[in-house]
Amino acid sequence: MDSRETAPDSWEQEDDVEATADTELQSSAFTGLNVNAPEFVPSFLSRDPPENATSDGTDPVASMEISEPVAAVENGETDASAVETWEQKGEPDEEEPGGGSPADTGFCGDEAQDEMMEEDEEMPTPKLPPPPPDAPKKEHVNVVFIGHVDAGKSTIGGQIMYLTGMVEKRTLEKYEREAKEKNRETWYLSWALDTNQEERDKGKTVEVGRAYFETEKKHFTILDAPGHKSFVPNMIGGASQADLAVLVISARKGEFETGFEKGGQTREHAMLAKTAGVKHLIVLINKMDDPTVDWSLDRYEECKEKLVPFLKKVGFNPKKDIHFMPCSGMTGANLKESSELCPWYTGLPFIPHLDSMPNFNRSSDGPIRLSIVDKYKDMGTVVLGKLESGSIMKAQQLTMMPNRHTVEVLSLLSDDVETDYAGPGENLKLRLKGIEEEEILPGFILCNAENLCHSGRTFDAQIVIIEHKSIICPGYNAVLHIHTCIEEVQITALICLVDKKTGDKSKTRPRFVKQDQVCIARLRAAGTICLETFKDFPQMGRFTLRDEVMLFMYAQYSIVRPAFY
């Protein structure tokens, strides 16, 4: 743990113990020694709350000074109920219940008030109120933000949360003060998504950040993917859950070129998003307010001209699948409302454009497929994941694959709002009965017992070699990313080559394959995984292979035939 977090607590307790000792000495100097007095036990060691008046000469003020900071540390992370209570009060200057006056807590007036406010401001994102029962259910859309490191993904996400009312102004002001103390004034917006202290200190997203906001027609979940090449596996996990990708590009001179050149994450992230099944791509040209750009149309067109040929090569259709727009994540220009700084852009701003997009075709009558992203213990076994197909109801009996455990859904939450029914596309949190937390791993699938998903270790798949420096032969080891599962695999055999234009298959087995070739290969996983054929279930039949040494994504495509032997 960071010493900056733990040190103040120990200093305060040390000072309070000294203050208690001084009070003891001063009291004994006037009252004399009492040999029959009971043994003194400090308030922070006793389980019973300190009394206001004691018979052994202990000063109640000294006891308060020790006990109050300990209570503040224990309640540092407030839950959603605390947030709602604070908002319902509407009086930030009101005294905390059971806390006494500022003088009693060992702090002077304003300092005590600031300390209390900072404790209450360390809160999760405000929860959306549950909709009325008769209100139509909004479509859930997962949006993943991808792009090169320092392109401004987290900053744009934080700005969107502020513009849509998901983050309060006073919370951002607190983040701004803390960021300024660390000489990181421009990072404060990203702290709305980068909640980890390590992420805040380094200014780099490590885990996929999650947040959500609503518009008039849709409910959006933000997946803030890391941009650094060391955390590409985490980015793939975020992209595999996304319905829509936002490629953030920095228009600042030098930064765009660094991210787009070979080895930059702009190229790799665009390829990974396409191979993860993302069909629609919004390209946000960010940092248009930078002095080197100053909302220049020429710079915007320059970035666009370089990106379009590459995105077309990856597989996106420039006319149907890609939409370009300029913005400034720091100022919020062209995110919610049109900006006067770019009169040459005539399209909708970012949030209205998201709201105007057509609905996704999802079948609520299909087989239940919920891929597990994470799990933990909380009054039972709790799992998190995205419902890819089908619908889930409270008290429903399901089967956990591949270990075939029968479980019951005790409670069902969609984006932290409890509900009795959930449809496809929603991010769910389920409390399960009949299985322990240790028996679940990320990548497991919840299914209905009548239509179980396939599981196995060996399967045949069509692979496209997108980027790889050398040839690939049988015996080659790689890392497989399929839905939320990550597993080591080995290419055990190359079955045939496939012609890109005609789709014809070669009659002889190739000895090797190289970049830009398509082949059908047999792969064997180190452990049992859940999978489906691409024809029957594209979300679970699409995968990505990566070289575990060179960290270059090189292959993709679809499972042709699961071979269970």
Side-chain angles (χ1 to χ4, degrees), residues 80 83-84 86-88 121 123-132 135-147 151-176 186-195 205 208-225 238 241-248 280 282 284 286 288-289 323 325-339 345 347-360 413-417 419 425-427:
V83 178
E84 294 169 359
W86 181 268
E87 291 177 350
Q88 290 168 2
E121 286 172 352
M123 60 181 70
T125 305
K127 305 290 187 295
L128 289 171
K137 203 163 189 178
K138 296 181 179 180
E139 184 189 23
H140 284 241
V141 181
N142 286 358
V143 183
V144 62
F145 284 78
I146 59 176
K153 300 180 292 296
S154 300
T155 299
I156 290 175
Q159 186 70 259
I160 290 172
M161 291 174 65
Y162 171 66
L163 293 174
T164 55
M166 296 304 297
V167 176
E168 296 180 354
K169 185 177 180 181
R170 67 188 183 97
T171 304
L172 281 185
E173 289 173 350
K174 173 180 175 289
Y175 291 160
E176 189 173 10
T186 59
W187 291 3
Y188 74 97
L189 283 168
S190 66
W191 287 10
L193 287 167
D194 293 340
T195 55
T205 303
V208 177
R210 283 180 176 269
Y212 48 89
F213 66 96
E214 281 194 355
T215 59
E216 293 181 2
K217 301 177 183 178
K218 293 182 173 64
H219 178 103
F220 292 95
T221 298
I222 297 176
L223 301 171
D224 180 29
Q241 305 169 52
D243 304 304
L244 172 72
V246 178
L247 179 62
V248 181
H280 302 282
I282 298 176
L284 277 181
N286 189 29
M288 292 294 292
D289 59 326
H323 183 80
M325 63 175 64
C327 77
S328 170
M330 182 58 64
T331 64
N334 209 40
L335 288 180
K336 188 177 182 180
E337 298 177 356
S338 299
S339 175
Y345 176 74
L348 289 173
F350 178 66
I351 296 176
H353 177 77
L354 288 178
D355 203 26
S356 66
M357 295 188 68
N359 292 344
F360 292 89
L413 289 89
S414 176
D415 281 331
D416 296 327
V417 177
T419 181
E426 297 189 39
N427 296 289

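What you see is a predicted model, and the numbers here were worked out from it, not measured in a lab.
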Check your understanding: What is the distance from atom CD of Glu214 to atom OG1 of Thr164, rounded to the nearest 0.5 Å?
Key -> 9.5 Å

Check your understanding: Roughly how far, to the nearest 0.5 Å, is CD1 of Ile351 from OG of Ser356?
Key -> 12.0 Å

Point to revise | Criterion side chain to side chain contact (heavy atoms under 4.5 Å, CB included) on Met161 and Ile222, from CA distance to verdict | key: CA-CA 9 Å; Met161 291 174 65; Ile222 297 176; 4.3 Å; yes

Practice item. Heavy atoms only: give me the nearest Ser338-Gly347 pair and the separation to one decimal. Key: OG-O, 4.5 Å

Point to revise | Which atom of Gly329 lies closest to which atom of Ile156, heavy atoms considered | key: CA-CG1, 3.7 Å

Point to revise | side-chain hydrogen bond (donor to acceptor under 3.5 Å, both in side chains) partners for Ser414, two or more places apart | key: Glu426

Review point. Is the closest side-chain donor-acceptor distance between Asn427 and Thr221 under 3.5 Å?
Key: yes

Review point. Phe220: what forms a ring-ring contact (aromatic ring centres under 6.0 Å, His included) with it, not counting sequence neighbours?
Key: Phe213

Point to revise | Verdict with reasoning, Asp355 to Leu348, per side chain to side chain contact (heavy atoms under 4.5 Å, CB included) | key: CA-CA 10 Å; Asp355 203 26; Leu348 289 173; over 6 Å; no

Revision key, fill the gap. Heavy-atom nearest pair, Val144 first then Ala225, reads CG2-CB, 4.0 Å

**Study point:** Heavy-atom side-chain contact between Tyr212 and Val417 under 4.5 Å
**Key:** no

Exercise for review: State the CG-CG distance between Leu284 and Leu335, to the nearest 0.5 angstrom.
Suggested key: 7.0 Å

**Study point:** Heavy-atom pair of closest approach, residues Lys153 and Ile146
**Key:** CD-C, 3.3 Å

Review point. If you measure from CG on Asp243 to NE2 on His280, what distance do you get to the nearest 0.5 Å?
Key: 9.5 Å

Check your understanding: Within a reach of under 6.0 Å around OH of Tyr345, are more than 12 heavy atoms found that belong to other residues, nucleotides or ligands?
Key -> yes

Check your understanding: Out of curiosity, Leu223 CG to Asn142 CG, how far, rounded to the nearest 0.5 Å?
Key -> 5.0 Å

**Study point:** Atom pair NZ (Lys218) and CG (Leu354), whose distance is rounded to the nearest 0.5 Å
**Key:** 8.5 Å

Check your understanding: Side-chain contact, heavy-atom cut-off 4.5 Å: Asn334 with Met288?
Key -> no

**Study point:** Check against side chain to side chain contact (heavy atoms under 4.5 Å, CB included), His353 and Phe350
**Key:** CA-CA 5 Å; His353 177 77; Phe350 178 66; 5.8 Å; no

